[in-house]
There are 2 protein chains.
Amino acid sequence: MPNISCKNCALSNLCLPFSLNKQQVEELDQKIKRRKPIKRSEALYRNHEKFTTLFVVRSGAFKSVINYETREQITNFFFAGEIVGLEGIANQQYITTTTALVDSFVCEISAEDLTQFTRKFPSVQQQALQMMSQEIVHNTQAYFHGEATDKLLHFLLHLSKRFQRYGYSSKQFQLPMAKQEIANYLGLASETISRIFTKLQYDNLIEIDNRYITIKEAQHG
Amino acid sequence: MPNISCKNCALSNLCLPFSLNKQQVEELDQKIKRRKPIKRSEALYRNHEKFTTLFVVRSGAFKSVINYETREQITNFFFAGEIVGLEGIANQQYITTTTALVDSFVCEISAEDLTQFTRKFPSVQQQALQMMSQEIVHNTQAYFHGEATDKLLHFLLHLSKRFQRYGYSSKQFQLPMAKQEIANYLGLASETISRIFTKLQYDNLIEIDNRYITIKEAQHG
DNA sequence: CGGTCCCTTGATTCTGTTCAACTGTCGTGG
DNA sequence: CCACGACAGTTGAACAGAATCAAGGGACCG
């Protein structure tokens, strides 16, 4: 693993260092743990576990799952540059089980260290609030009920915008999750997702080869 | 309007003063504006407006609405003791239109003043983070796809828990929103909601008279 | 007392689910 | 390197749950 640090991280302008000067970043760097890779399907944390740590996705992707009786419900996906674990702050315990969709890397900061930082640097305090608010915005915008096709388009568009934000192409990318997982997340049957993808391809709106997807037309939100 | 202040407010242990001592509460009190009543269907703020203020519901109820092309989607409801406007922090603008469901009262604190407070009192800083995390927890738990009946039961149960938290009965309360609004929020037709209520009553799980509802059996979540 | 909005109920239609069989893909080990 | 097995995805046919359409009843407000 290369000698990575916050100060030369490609994601630094999306992450905590965004609001810090060089010296402050050095200080932050000492508190951040760069974790060994998280393997596909390995859990970052589990439901009901005591909250100790916030994570930032360096690379890869994660899903958060909540359990309703027998049923599993995916409530969110997380990609590079996004913060995982914010749910734990409220009651000092995680409320989802969050696992890697593909082999991934994360950075860790302990809840305590983060608290120290927010007290020491007002700009971090402000940024922490903004990141949490961003998560609320995301949840709000994901809350959408419509026809199955609209739901899927809305989802794809949202994915596309997120990837774009992190410097990837917004028109062509690889789906990090299985179609079944998209189905679960959207509240549809996986057969329905399959059929809609086929139809969208037929209508020449997208092209899809396995998990590689190309968005051919400008869609609206 | 009675001479209300944070220090004698019934909600203070759910709100910002929770973590403050008497003197600090006095200081807070001077910054909080107690607003004139918000009338039924009046907007607290509108989509795209610049973010300036956070609100706490003193009494009454609100809904947040987002617009997808022609379709209106209710994304959340807010009740006494809950904080409204957190969505605005991320990008300095509100992303929903939030209106009163019934005649209501709110307290206001300007974004600037809140920032001041969080810097001055670390405990407020911590509490702000917890309140935002609580909102994320709420959004996560509201994210549920299942059969129409399960959705409605899940919703009622969640409502019941919220009311209980604020000292109301968890078994008997008045629905603050129209059935149509429940339908929109859950992604169902209002006729479906109507039919399910009828069926639940027939099955002796609830009793419903207009907007008065009594939950007769312990449900599970 | 009249109007509007909200709600209920029934009949019909349709979108999406379920069930089933089959194909494709990927990783592992012989 | 190919064969195998497990899992992921596709497609079709039948079914079911919820939407839509339509009409009427009830609550609340001025």
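A, B, ... follow the sequence lines: proteins, then strands. Residue 1 opens every chain. When reading the values below, keep in mind they use all heavy atoms of this one structure, side chains included, and skip hydrogens, waters and symmetry mates.
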Rounded to the Å, how far apart are [X] [atom1] and [N] [atom2]?
X: A:Asp209; N: C:dT25; atom1: CG; atom2: C1'; result: 11 Å
X: B:Arg40; N: D:dA27; atom1: CZ; atom2: P; result: 17 Å
X: B:Lys39; N: D:dC29; atom1: NZ; atom2: P; result: 12 Å
X: B:Leu101; N: C:dC6; atom1: CG; atom2: P; result: 12 Å
X: B:Lys199; N: C:dG10; atom1: NZ; atom2: C1'; result: 18 Å
X: B:Gln201; N: C:dT9; atom1: CD; atom2: C1'; result: 15 Å
X: A:Leu175; N: C:dT25; atom1: CG; atom2: P; result: 16 Å

Side-chain ion pair, B:Asp29 and B:Arg34, N-O less than 4.0 Å =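 A salt bridge is present here (some side-chain N lies under 4.0 Å from a carboxylate O).
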
query = Taking protein heavy atoms under 4.0 Å as touching, what does nucleotides 9-20 of chain D look like 5' to 3' if B marks base contact, S marks sugar-phosphate-only contact and - marks none?
reply = SBBBB----SSB

[X] side chain vs [Y] backbone, donor-acceptor pair below 3.5 Å:
X: B:Asn47; Y: B:Thr97; value: no
X: A:Gln92; Y: A:Ile89; value: yes
X: A:Glu181; Y: A:Ile74; value: no

task = Could I get the full list of side chain to side chain contact (heavy atoms under 4.5 Å, CB included) partners for A:Thr75, not counting sequence neighbours?
result =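 Testing A:Thr75 for side chain to side chain contact (heavy atoms under 4.5 Å, CB included), a comparison that skips the adjacent residues, returns A:Ser64, A:Ile66, A:Gln73, A:Thr96, B:Thr140, B:Tyr143.
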
task = To the nearest 10°, let me know how far the axis at one end of the helix from C:dC7-D:dG24 to C:dG30-D:dC1 is tilted from the axis at the other, five pairs an end.
result =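 If I round to tens, the end axes sit 40° apart.
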
message = Distance to the ring centre below 6.0 angstrom and angle to the axis at most 45 degrees; does that hold for B:Lys63 and B:Tyr185?
response =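 No.
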
inquiry  = Ignoring hydrogens, what is the shortest heavy-atom contact between B:Ser59 and B:Ala80? Give both atom names and the distance.
reply    =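 Where B:Ser59 meets B:Ala80 most closely, the heavy atoms are CA-CB, 4.5 Å.
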
Considering all heavy atoms, the nearest B:Cys6-B:Ile32 contact =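 Heavy atoms only, the tightest pair is SG-CG1, 4.0 Å.
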
